[in-house]
Amino acid sequence: MFITYEFIAFLILVFVLYYSLPKKVQWIFLLIANFAFYAYADVRYPVFLVITASSVYVTALVMERYQGRLEEYKTQIRSGQIPKPTREEKKAFKKKISDKKKRTMLFCLLFNLGILAVVKYTNFAISNINFFVEKSGGSPFSFQNMIVPMGISFYTFQAVGYLLDVYWEKCGIQKNYFRFLLFVSFFPQLIQGPISRYSDLEKTLYTPHRADWKQISFGLQRMLWGYFKKLVLADRVSVAVIALAEDQKYYTGAFVFVMMMFYSLQLYADFTGGIDITIGIAQVLGIRVEENFIRPFFSKNIAEYWRRWHITMGTWFRDYVFYPCSISRPVKNMTTFCKKHFGMIVARRVAVYFSSIVVWFATGVWHGAEWRFIIWGLLNGLILLASGELEPLYERFHKRLPKFTETTVYRGFQVIRTFLLMSCLRLFDVYGSVRRTFRQFIRMFTRFWKHPVTGQELLDLGLTKPDYVILLVGVLLLFFVSLLGRREDIRERLWKRPYVIRFTAFTLLFLAVILLGQYGHGFDAQQFIYNRY
């Protein structure tokens, strides 16, 4: 939706009215804009969002009431309103309140994750059940025509994050229902994130904002940069990606490597472009949204890559799945059992291994209701665990050859190695099944030279010579902007330059989007890849 004329018109209207209205009603207008945006996609979508927001809102209030009863009990003891209880009585009352609070939280958690599971994974479950039913000669179950609301994974995770933060007393409760609804429904994030924490977003979401030209211009520049990535780079290279994926028998061997390169560019430009637009819209409105990418292709290992790529998703799984799982009672019992029977070395790893596998299984499922995404997630987890086990060897190698490991050449090797590794794993995205992905991956090595990649073959993918020049220039531009932005935001750098330089730079970028994007070449604008989540 970000790349339609209707959305641009909607944004202009929102920006103008937002700063024209009295400041005290800005957040109310923004809430109305959120639902107008969501209902435009499908009038049924807001129903799901309201159910999620309302259930979490009410549950948070109930949990606060339970906590209030505990505080009131302590106050009555201190003031002598009730006889001083024994230590056991105090402990029993506290446990009673804690259990009620926990049951309330778990019911809401399962309810909302259940909605997500039903609408996104019912047909996946049916397809797996049918596999065994058909093997046994039975009649397969029919697939269901489910409504999958746009961005349901994002707003559900955002709401659930708030629920757990309230339960753990990490953030305050928002008692105004409509303000909380604004937090869950903030429209730029509904498409593809980031997944915001309430304690972060509330700092600027409800605050009255004056029109600040610097922040507005910075936001518009960030949006323009996102449109450049999406329309000029991602949508252009997608033509070749589709061609390579459609004819897998012909485009094998060395062409699998070409696919890796092209799809890595498409995914990065598409996803980060969408996030740039999201952050830019929020900045124009005076609202700060967390960064979701910090130069991921500069990472020297896979752990660093996942600290830089889709950051808010990674930290969500870390804080709300990994940590609770690793200290849960079943995992503690498993650790105790392993310590008794296998020793401390094994026991120390059980919690980390088990929790990591759970997280990466969930990450794969979150990305898509297909086995290829689950395998992709598990492979990421296994590589991370293997890297952790090899860390002592890496440290020993670095200590023995410090002059070599600190060179630019070695760091460059680490960056390229990580990029290629992650690009290989991304083949699951494009080849449609686990079997085809492994087959094409193996053939990349066994048939690399049997079908050479020539200039004419590249032109047969649907891209012209000017297209390849544009892609090359675009990639170089991405690289240098990332490089220059390591110490200081590129917009801040340009802000310090004379107006003529700033005007020229962004005029050229604007013209590139208009002339070289979907408008100039007539390509159909592709839906953002992460819309499906």
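Below, each value reflects all heavy atoms present in this structure, side chains not excepted, and no hydrogens, waters or symmetry copies. What you see is a predicted model, and the numbers here were worked out from it, not measured in a lab.
Sorted by first and then second residue, the salt bridge (charged side-chain N to carboxylate O under 4.0 Å, His left out) pairs involving residues 243-254 (not counting sequence neighbours) form an empty list. Within the structure, ring-ring contact (aromatic ring centres under 6.0 Å, His included) pairs that include any residue of residues 459-491 comprise Phe298-Phe479 (at least two apart or interchain). Residue pairs satisfying the side-chain hydrogen bond (donor to acceptor under 3.5 Å, both in side chains) criterion with at least one member in residues 289-301, sequence neighbours excluded, are listed as follows: Arg222-Glu291, Arg288-Glu290, Asn292-His310, Asn292-Thr312. A side-chain hydrogen bond (donor to acceptor under 3.5 Å, both in side chains) check over residues 495-510, counting only residues at least two apart or in different chains, returns the pairs Glu488-Lys496. Screening residues 397-421 for salt bridge (charged side-chain N to carboxylate O under 4.0 Å, His left out), with sequence neighbours left out, gives no hits.
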- Step by step, work out the side-chain contact (heavy atoms from CB on, under 4.5 Å) result for Leu425 and Met422. CA-CA 5 Å; Leu425 291 175; Met422 297 311 301; 4.3 Å; yes
- Task: Test side-chain contact (heavy atoms from CB on, under 4.5 Å) on Phe186 and Ile281 and set out the steps.
- Result: CA-CA 11 Å; Phe186 186 44; Ile281 293 170; 5.8 Å; no
- Could you go step by step and tell me if Val241 and Leu265 meet the side-chain contact (heavy atoms from CB on, under 4.5 Å) rule? CA-CA 10 Å; Val241 170; Leu265 172 60; over 6 Å; no
- Task: Apply side-chain contact (heavy atoms from CB on, under 4.5 Å) to Tyr431 and Met259, showing your working.
- Result: CA-CA 10 Å; Tyr431 284 127; Met259 169 69 94; 3.7 Å; yes
- Task: Starting from the C-alpha separation in whole Å, work towards a yes-or-no answer on ring-ring contact (aromatic ring centres under 6.0 Å, His included) for Phe438 and Phe428.
- Result: CA-CA 9 Å; Phe438 278 114; Phe428 286 100; 5.6 Å; yes
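Using a 4.5 Å heavy-atom cutoff, the side chains of Leu390 and Phe397 are not in contact. With a 4.5 Å cut-off on side-chain heavy atoms, Thr52 and Leu49 do not count as touching. Residues Tyr18 and Val284 form no side-chain contact, since every pair of their non-hydrogen atoms from C-beta on lies 4.5 Å or further apart. Side-chain contact between Ser196 and Val289: present, with at least one pair of heavy atoms (C-beta onward) separated by less than 4.5 Å. Arg318 places a side-chain heavy atom less than 4.5 Å from the side chain of Thr315. A heavy-atom distance below 4.5 Å is found between the side chains of Tyr268 and Leu478. Side-chain contact between Leu421 and Tyr305 is absent, with no heavy-atom pair separated by less than 4.5 Å. When side chains are defined from C-beta on, Val430 does not count as touching Leu244, because their heavy atoms never get closer than 4.5 Å.
Taking all atoms of both residues into account, the shortest heavy-atom contact from Val184 to Ala159 is CG2-CB, 4.3 Å. Summarising the geometry of Ser387 relative to Tyr394, their closest heavy-atom pair is O-CE1, 3.9 Å, with the distance given to 0.1 Å. Considering every non-hydrogen atom in both Trp449 and Pro452, the closest pair reads O-CD, 3.9 Å. When every heavy atom of Tyr155 is checked against every heavy atom of Pro149, the shortest pair comes out as OH-CB, 4.0 Å. For Tyr121 against Ala369, the heavy-atom pair with the smallest separation is CD2-CB, 3.3 Å. When all heavy atoms of Met260 and Leu420 are compared, the pair lying nearest together is CE-O, 3.9 Å.
Residue Gln283 holds its CD atom at 9.0 Å from CG of Asp212, rounded to the nearest 0.5 Å. Interatomic distance, Leu427 CG to Tyr263 OH, rounded to the nearest 0.5 Å: 10.0 Å. Rounded to the nearest 0.5 Å, atoms CG (Leu205) and CG (Leu285) are 10.0 Å apart. We find the CD1-CG distance between Ile275 and Asp270 to be 10.0 Å, quoted to the nearest 0.5 Å. If you take CZ on Phe228 and CG on Leu509, they are separated by 6.5 Å, rounding to the nearest 0.5 Å. Between atom CD1 of residue Ile311 and atom CD1 of residue Ile195 there is a gap of 12.0 Å, rounded to the nearest 0.5 Å.
For the ring-ring contact (aromatic ring centres under 6.0 Å, His included) test, residues two or more places apart in sequence or in another chain that qualify with Phe441 are Phe445. Applying the side-chain hydrogen bond (donor to acceptor under 3.5 Å, both in side chains) test to Tyr353 and every residue at least two apart in sequence or in another chain returns Glu389. In this structure Tyr19 satisfies the ring-ring contact (aromatic ring centres under 6.0 Å, His included) test with no other residue, sequence neighbours excluded. In this view, Glu492 and Lys214 satisfy the salt bridge (charged side-chain N to carboxylate O under 4.0 Å, His left out) rule, not counting sequence neighbours. Partners of Tyr251 under the ring-ring contact (aromatic ring centres under 6.0 Å, His included) rule, at least two apart in sequence or in another chain, are Phe255. With sequence neighbours excluded, the residues that form a salt bridge (charged side-chain N to carboxylate O under 4.0 Å, His left out) with Arg308 are Glu304.
The environment of CZ in Phe503 is sparse: at most 12 heavy-atom neighbours from other residues, nucleotides or ligands sit within 6.0 Å.
No donor-acceptor pair closer than 3.5 Å links the side chain of Gln440 to the backbone N or O of Thr437. The main-chain N or O of Thr464 is found under 3.5 Å from a side-chain atom of Asp467 such that the two form a donor-acceptor pair. Side-chain N or O atoms of Thr278 include none that pairs as donor or acceptor with a backbone N or O of Gln189 at under 3.5 Å. Side chain of His209 to backbone of Gly286: a donor-acceptor contact under 3.5 angstrom is found.
Ring geometry for Phe10 versus Phe7: interplanar angle of 30 to 60°, hence tilted. Taking the six-membered ring where the residue is Trp, Phe297 and Trp309 present tilted rings, their angle falling between 30° and 60°.
Note: Trp366 and Phe154 meet the aromatic proximity criterion, with ring centroids under 6.0 Å apart. In summary, the aromatic rings of Phe373 and Trp376 are positioned with their centroids too far apart to meet the 6.0 Å limit. Aromatic ring centres of Phe124 and Trp371 lie closer together than 6.0 Å.
Only one option out of Thr272, Asp235, Asp276 pairs with Lys230 in a side-chain hydrogen bond (donor to acceptor under 3.5 Å, both in side chains); it is Asp235.
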Using atom types as modelled, flag every donor-acceptor pair under 3.5 Å from a side chain in residues 30-38 to any protein atom, sequence neighbours excluded.
unit_1 : atom_1 : unit_2 : atom_2 : d
Asn34  : OD1    : Phe187 : N      : 3.0
Asn34  : ND2    : Leu30  : O      : 3.4
Asn34  : ND2    : Ser185 : O      : 3.4
Asn34  : ND2    : Ser185 : OG     : 3.2
Tyr38  : OH     : Met150 : O      : 2.5

